[in-house]
Amino acid sequence: MAALLLRRASRSPRDRQSVARLCALDGDVTWDDEHTALLLAELGGRAVGLARLRIEADLAPSMRGPRVWVDALIIEKAHRRQGIGRALLDACRHEAEAREAVSFGVRFDDADEGAAAMLARAGLQRAPRVSVWLDGPAVAAHSTHTHHALQLGDGTVHVASRTTPLLVTRWNGGRDVRARAPSDLGAPTWNVDGLVGTTDDEGDGARFDPASRALRELYLRRPLRHAVGDALLRAIASLDAPRVEIALAPGCAALTLPSCEVALFDTSLGTLIALDDATLVACGDDARGLSALTVGEGLALLVREARCVGWRLTDPVSHARPMGWPDTREAPPLDDDARAALTALLYDWMVIDALPRIDPVGADEEEIAHMVALRDRARALSPAGPATLDRVGGVARDIAAHVHWSWGFFRVRE
């Protein structure tokens with residue numbers, strides 16, 4: 001049996017066609033204003049159900065959040081006994097929680113009888129964990145998730161168990177870690193317009209959806225300084241990391257996220273860890289007081305005393321991509337030889353890049369032999385012709401360019 005996929009509808013032609021087809025099953029349903037959200041249920045790539053959410057925000061200065069309710073629920077007749085209606089209502093409830101709604105329910109303009117009829121048409125006699133009412137109790141009374149606050153930089157975010165897909169993680173050119181919402185992968189630019197949170201691009205950044213307040217973008221710079229601590233590396237790598245959703249707290253419109261100061265990794269590059277200096281000292285060898293929260297594919301935030309103090313990227317080589325590759329481009333798994341060559345190149349590059357910089361102009365050959373050898377290895381892995389570059393060749397090309405420009409080899413005649 002095909003897996004059920006629940007997601008927000010986009011404005012793409014494909015989704016518009018699916019919405020029009022499903023709305024045709026109920027002549028009163030439309031979807032075309034800023035106060036409406038639509039969730040689709042798909043089986044085998046075909047939309048078989050939809051739920052329409054109404055969001056009523058800014059009713060009064062005293063309101064702590066919007067009112068959200070379901071006023072349309074349509075399931076294809078052949079699928080009404082497969083639990084799709086219940087799954088859609090659960091997804092609607094989670095959407096209301098993400099928007100920090102003060103009330104949530106199922107309603108029609110003609111009161112409870114209309115709502116009950118709508119549920120019956122979707123194959124439901126009653127809504128699971130959702131009452132049918134006009135203005136019901138707060139969403140928190142129906143929530144099965146625990147929420148807590150976390151300090152992220154100089155801002156505050158709320159953390160809840162995850163009900164949406166993880167952010168997609170990329171280690172761009174083996175330098176900085178980027179993660180973004182799956183729905184944003186096709187965007188032509190990295191910074192999606194209209195997001196809130198970090199406002200500059202000078203360091204680490206976190207940006208959130210202005211409506212749901214959910215995290216949509218993370219940018220984490222790899223620290224140049226490398227600390228040797230195998231015991232601590234193993235301890236942090238073994239921390240359990242539940243999947244969580246992070247949302248910007250009410251009243252927090254912007255935050256600054258300082259970059260970490262020291263990196264931990266070994267020759268296998270099984271895990272890449274970034275911490276601030278104070279945490280590195282406080283943790284000792286056993287990661288005492290640290291916990292981990294997974295926010296992206298292989299990416300977890302490290303927390304100590306309700307404050308984010310670093311991050312962990314598991315199997316970073318699998319996330320390495322050339323800078324400038326489209327996020328939507330699929331990358332096949334690396335074979336053993338390609339993975340070994342890329343791992344060795346990335347490890348040596350990060351180690352050498354953290355050493356005191358030697359100006360190649362006028363330097364003795366022995367002083368810069370390690371830098372020259374790394375440049376030559378990177379060039380050997382990245383043959384000429386960008387159209388022929390695979391993932392390994394693209395990352396190697398980026399490293400060769402870094403050696404040439406950042407290490408000063410552009411001033412040396414070859």
Side-chain angles (χ1 to χ4, degrees), residues 148-159 167 169-172 174-179 197-208 215 217-242 244 246-249 252 254-266 269-296 298-316 319 346-347 349-357:
H148 60 274
L150 171 68
Q151 184 179 348
L152 185 64
D154 59 0
T156 302
V157 296
H158 289 170
V159 179
L167 302 182
T169 306
R170 297 285 185 259
W171 191 23
N172 279 12
R175 298 204 63 190
D176 302 321
V177 177
R178 297 166 64 242
T198 305
T199 57
D200 62 64
D201 298 319
E202 296 302 316
D204 288 9
R207 296 182 177 90
F208 303 80
L215 180 66
E217 295 179 356
L218 263 180
Y219 187 89
L220 304 168
R221 295 183 182 272
R222 174 179 59 83
L224 287 181
R225 187 153 55 86
H226 172 211
V228 177
D230 291 343
L232 180 59
L233 176 64
R234 289 193 298 269
I236 296 177
S238 64
L239 289 174
D240 290 334
V244 299
I246 290 180
L248 198 61
C252 184
L255 58 81
T256 301
L257 194 62
S259 297
C260 293
E261 297 157 316
V262 61
L264 292 169
F265 53 89
D266 60 13
L269 286 189
T271 308
L272 174 61
I273 294 166
L275 293 169
D276 60 35
D277 280 328
T279 301
L280 180 68
V281 173
C283 284
D285 293 333
D286 57 4
R288 64 178 71 97
L290 273 186
S291 59
L293 301 170
T294 296
V295 295
L299 179 63
L301 299 181
L302 300 176
V303 178
R304 182 171 180 263
E305 297 177 351
R307 183 173 66 89
C308 180
V309 295
W311 49 268
R312 179 187 77 185
L313 182 60
T314 303
D315 192 14
H319 299 286
L346 285 166
Y347 174 82
W349 174 55
M350 290 192 293
V351 170
I352 296 173
D353 200 35
L355 296 174
R357 192 64 50 85

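Computed from heavy atoms alone, side chains included, the values below leave out hydrogens, waters and symmetry copies. Residues: numbered from 1 along the sequence shown.
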Aromatic W311 / basic R178 pairing, under 6.0 angstrom, 45° off normal | no

Beyond-backbone contact of D286 with L232, side-chain heavy atoms, under 4.5 angstrom = no

Taking only residues two or more places apart in sequence, or in another chain, which ones meet Y347 in a side chain to side chain donor-acceptor pair (under 3.5 Å)?
-> none

Nearest heavy-atom neighbours spanning C260 and V309 | SG-O, 4.0 Å

Nearest 0.5 Å, what's the CG-CG distance between L280 and L264?
-> 6.0 Å

For L293 and A241 the tightest heavy-atom approach is N-CB, 4.3 Å

Under the side chain to side chain donor-acceptor pair (under 3.5 Å) test, residues paired with D353 that sit two or more places apart = R357, H402, W407

Provide the closest heavy-atom pair for D277 versus E261 in the form atom of the first, atom of the second, distance.
-> N-OE1, 2.6 Å

Just wondering, more than 12 heavy atoms not from D200 lying within 6.0 Å of its CG?
-> yes

N/O donor-acceptor pair under 3.5 Å between R207 side chain and T198 backbone | yes

Flag, side chain of D315 to backbone of G270, donor-acceptor distance under 3.5 Å | no

Closest non-hydrogen atom pair, G296 against T169 | C-OG1, 3.6 Å

Nearest-0.5 Å distance that lies between atom CG in L248 and atom CG in L215 | 9.5 Å

Has the side chain of T279 got a donor or acceptor atom that lies under 3.5 Å from a matching backbone atom of L275?
-> no

Between D285 and R234, is there a salt bridge with N-O shorter than 4.0 Å?
-> no

Which heavy-atom pair separates R304 from R288 by the least distance, and what is that distance?
-> NE-O, 4.4 Å

Rounding to 0.5 Å, atoms CG (L239) and CZ (R312) come to a distance of 6.0 Å

For T314 and T271, indicate whether the former's side chain and the latter's backbone hold a donor-acceptor pair under 3.5 Å.
-> no

Is it the case that Y219 and D204 place a side-chain donor and acceptor less than 3.5 Å from each other?
-> no

Rounding to 0.5 Å, atoms OG (S259) and CG (L220) come to a distance of 8.0 Å

If you measure from NE2 on H319 to CG on L272, what distance do you get to the nearest 0.5 Å?
-> 10.5 Å

